[in-house]
*Asks:* 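Structure incoming, see below.
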Amino acid sequence: MDRFLFVAFAAVLVSSPAGAQQDSVARGERNFRVCAACHSLEPDRNMTGPSLANLWGRKAASLPSFDRYSDALKASGIIWDDRSLDAWLTDPARMVPDNEMPFEGIDDSRVRADLLAFLKEATKPGAAPERTAENRMNGGGMMGGMMSGGRAPNLKNLNPAQRVTGMTHCRDTYRVTTADGKTRPFWERNLRLKTDSSEDGPQSGAPAIVSAGMMGDRADVIFAAPNEISKTIEDHC
Ligand code: HEC
């Protein structure tokens, strides 16, 4: 994140003499946290929403790597620029009725202006933060949570506490065994079974367990593909 800020700042320092502009970018970077839950700034890194890399001049709903655009956004004919983005962020549903971005809009024009000042720098070609080893691993045990700065951790290189070696289901309980030799029980409604087939997903045959929620009683088990789910879980007590 620090590096990211630095890149955004460096870009502004060259392009703008005014300190006020830098303040605006810094505030916009903070405002972007709301968006970061759904949007990455790295090219083709899609989450709930499409990557915002190289946004200016892009046609709406045109990213080939994003499979979940609404028909409404596809048919909108919008080209993203200062004006269209300001209207979109003011009230997405008004600008494109039936779009599927779950976001109400931002009333305050100052807040929008800051956000756009930041986005304009951060979405320029080459501005995206590099994927460091730290980003990829997101170390720690199971508590290395899902949402570090809005990005999902890479699950290819798991530590033993995160690598699932076996799972059973008995009555209302899953028991999850990990490569460190521990077995933990979960009420079945507290364990989510997910897949991640992207390059960030786990290796085939090595599902990951990631803690979810604050109490330690909930977790996600993430598989490389749907067909691994029932193969992994043995139904016995
Ligand atoms: C809860 C998830 C979510 C949040 C929060 C969110 N978005 Fe989105 N966003 C989406 C989805 C989903 C779409 C695709 C909508 C569609 O196809 O109708 C989208 C689409 C977009 C697009 C159009 C991209 C394209 O390729 O045409 C832009 C620009 C955008 N969002 C910017 C933002 C900004 C800036 C914020 C923060 C103020 C934000 N979004 C907050 C989920 C989200």
Side-chain angles (χ1 to χ4, degrees), residues 1 4-5 7-9 11-12 21-129 145-153 192 194-198 200-201 210 212-213 218 220 222:
M1 215 57 195
F4 184 25
L5 251 181
V7 171
F9 266 117
V12 170
Q21 174 69 10
Q22 289 170 47
D23 294 346
S24 175
V25 169
R27 283 192 303 270
E29 201 270 344
R30 287 193 293 276
N31 299 340
F32 183 70
R33 284 180 199 159
V34 214
C35 325
C38 295
H39 290 287
S40 156
L41 298 170
E42 284 174 43
D44 292 323
R45 186 180 180 90
N46 301 314
M47 302 193 290
T48 306
S51 160
L52 298 182
N54 310 324
L55 185 60
W56 264 252
R58 192 163 107 187
K59 191 168 171 286
S62 67
L63 210 59
S65 61
F66 187 70
D67 280 332
R68 295 178 295 281
Y69 284 118
S70 63
D71 292 339
L73 195 62
K74 283 190 216 159
S76 69
I78 295 166
I79 307 285
W80 294 123
D81 60 16
D82 294 346
R83 267 187 60 196
S84 59
L85 284 167
D86 188 62
W88 175 247
L89 295 184
T90 305
D91 189 347
R94 185 155 160 232
M95 187 185 199
V96 183
D98 298 327
N99 87 79
E100 279 165 23
M101 176 155 113
F103 184 74
E104 284 201 349
I106 302 168
D107 287 336
D108 189 332
S109 60
R110 252 285 291 275
V111 174
R112 292 196 308 273
D114 291 343
L115 189 53
L116 289 178
F118 164 72
L119 271 179
K120 199 167 187 173
E121 297 302 331
T123 61
K124 277 183 180 164
M146 267 317 265
M147 297 303 289
S148 57
R151 75 181 348 142
R192 287 205 173 109
K194 301 180 172 180
T195 56
D196 186 345
S197 53
S198 79
D200 288 332
V210 181
R218 281 151 214 256
D220 299 333
I222 307 171

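Counting convention: from 1, in listed order, for ligands and their atoms alike.
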*Asks:* Of the protein's non-hydrogen atoms, which lies at the shortest distance from atom 26 (O) of ligand 1, and what is that distance?
*Replies:*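 Looking at atom 26 (O) of ligand 1, the protein heavy atom closest to it is Tyr69 OH, 2.6 Å.
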*Asks:* Examine the proximity of ligand 1 to Leu63 and report which part, side chain or backbone, both or neither, has a heavy atom under 4.0 Å away.
*Replies:*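 Neither; nothing of Leu63 gets under 4.0 Å from ligand 1.
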*Asks:* Leu115 heavy atoms, cut-off 4.0 Å: which ligand 1 atoms fall inside?
*Replies:* 38 (C)
*Asks:* What's the shortest heavy-atom distance between Leu89 and Phe103, and which atoms?
*Replies:* O-CE2, 4.5 Å
*Asks:* Tell me, which protein residue and heavy-atom name are nearest atom 5 (C) of ligand 1, and how many Å apart are they?
*Replies:* Val34 O, 3.5 Å
*Asks:* Looking only at protein heavy atoms, which one is nearest to atom 29 (C) of ligand 1, and what is the separation?
*Replies:* Leu85 CD2, 3.6 Å
*Asks:* Just which atoms of ligand 1 are under 4.0 Å from any heavy atom in Thr48?
*Replies:* 12 (C)
*Asks:* I'd like to know if Leu119 contacts ligand 1, where contact means a heavy-atom distance under 4.0 Å to any ligand atom.
*Replies:*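 In this structure, Leu119 qualifies as a contact of ligand 1 - some heavy atom is under 4.0 Å.
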*Asks:* Please report the shortest heavy-atom distance between Tyr69 and Leu63, naming the atom on each side.
*Replies:* OH-CB, 3.1 Å
*Asks:* Of all the non-hydrogen atoms in the protein, which one sits nearest to atom 18 (O) of ligand 1, and at what distance?
*Replies:*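 The closest heavy atom on the protein side is Ser70 OG, 2.5 Å.
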*Asks:* Report yes or no: does Arg112 contribute a side-chain atom to a donor-acceptor pair with the main-chain N or O of Asp107 at less than 3.5 Å?
*Replies:* yes
*Asks:* Does Arg58 use its side chain to pair, donor to acceptor, with the backbone of Ala53 at less than 3.5 Å?
*Replies:*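 Side chain of Arg58 to backbone of Ala53: a pair is present.
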*Asks:* Leaving waters out, which protein N, O or S atoms fall under 2.8 Å from atom 8 (Fe) of ligand 1?
*Replies:*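 Listed by chain and number: His39 NE2, Met101 SD.
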*Asks:* Check this for me: does any side-chain nitrogen of one of Asp82 and Lys120 sit under 4.0 Å from a carboxylate oxygen of the other?
*Replies:*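 Here Asp82 pairs with Lys120 in a salt bridge, since their nearest N and O are under 4.0 Å apart.
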*Asks:* Between Trp88, Trp56, Trp80, Phe66, flag the one that comes closest to atom 32 (C) of ligand 1 by a heavy atom.
*Replies:*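 Nearest option to atom 32 (C) of ligand 1, by heavy atoms: Trp88.
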*Asks:* Got a donor-acceptor contact below 3.5 angstrom from the Arg192 side chain to the Ile222 backbone?
*Replies:* no
*Asks:* Just let me know how Asn31 lines up against ligand 1, side chain, backbone, both or neither, with a heavy-atom cut-off below 4.0 Å.
*Replies:* neither
*Asks:* Given that the side chain starts at C-beta and the backbone is N, CA, C, O, which of these parts of Ile78 lies under 4.0 Å from ligand 1, counting heavy atoms, or is it both or neither?
*Replies:*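 Contact part for Ile78 vs ligand 1: neither.
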*Asks:* Return the minimal non-hydrogen interatomic distance between Lys74 and Lys59, and the atom names on each side.
*Replies:* O-NZ, 4.4 Å
*Asks:* Quick one: does Ser70's side chain get under 4.5 Å of Asp98's, heavy atoms only?
*Replies:*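 A side-chain contact under 4.5 Å is absent here.
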*Asks:* Please state whether Arg58 comes within less than 4.0 angstrom of ligand 1, counting heavy atoms only.
*Replies:*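 Checking ligand 1 against Arg58, which is what was asked, there is a heavy-atom contact under 4.0 Å.
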*Asks:* Given Leu52 and Phe32, is the side chain to side chain contact (heavy atoms under 4.5 Å, CB included) satisfied, shown in steps?
*Replies:* CA-CA 11 Å; Leu52 298 182; Phe32 183 70; 4.1 Å; yes
*Asks:* Within the structure, does Ser62 bring an N/O atom to less than 3.5 angstrom of an N/O atom in ligand 1?
*Replies:*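 There is no such contact.
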*Asks:* Are any of the side-chain heavy atoms of Glu121 and Glu29 separated by less than 4.5 Å?
*Replies:* no
*Asks:* Below 4.0 Å from any atom of ligand 1, is there a heavy atom belonging to Ala61?
*Replies:* yes
*Asks:* Using side-chain heavy atoms (C-beta onward) and a distance below 4.5 Å, is Leu55 in contact with Leu41?
*Replies:* no
*Asks:* Assess, by modelled atom type and distance only, whether the side chains of Asp114 and Ser24 contain a donor and an acceptor separated by less than 3.5 Å.
*Replies:*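 Checked: Asp114/Ser24 side chains pair up, N/O donor to acceptor below 3.5 Å.
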*Asks:* To the nearest 0.5 Å, what is the distance between CE on Met95 and OG on Ser84?
*Replies:*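 If I round to the nearest 0.5 Å, the distance is 5.0 Å.
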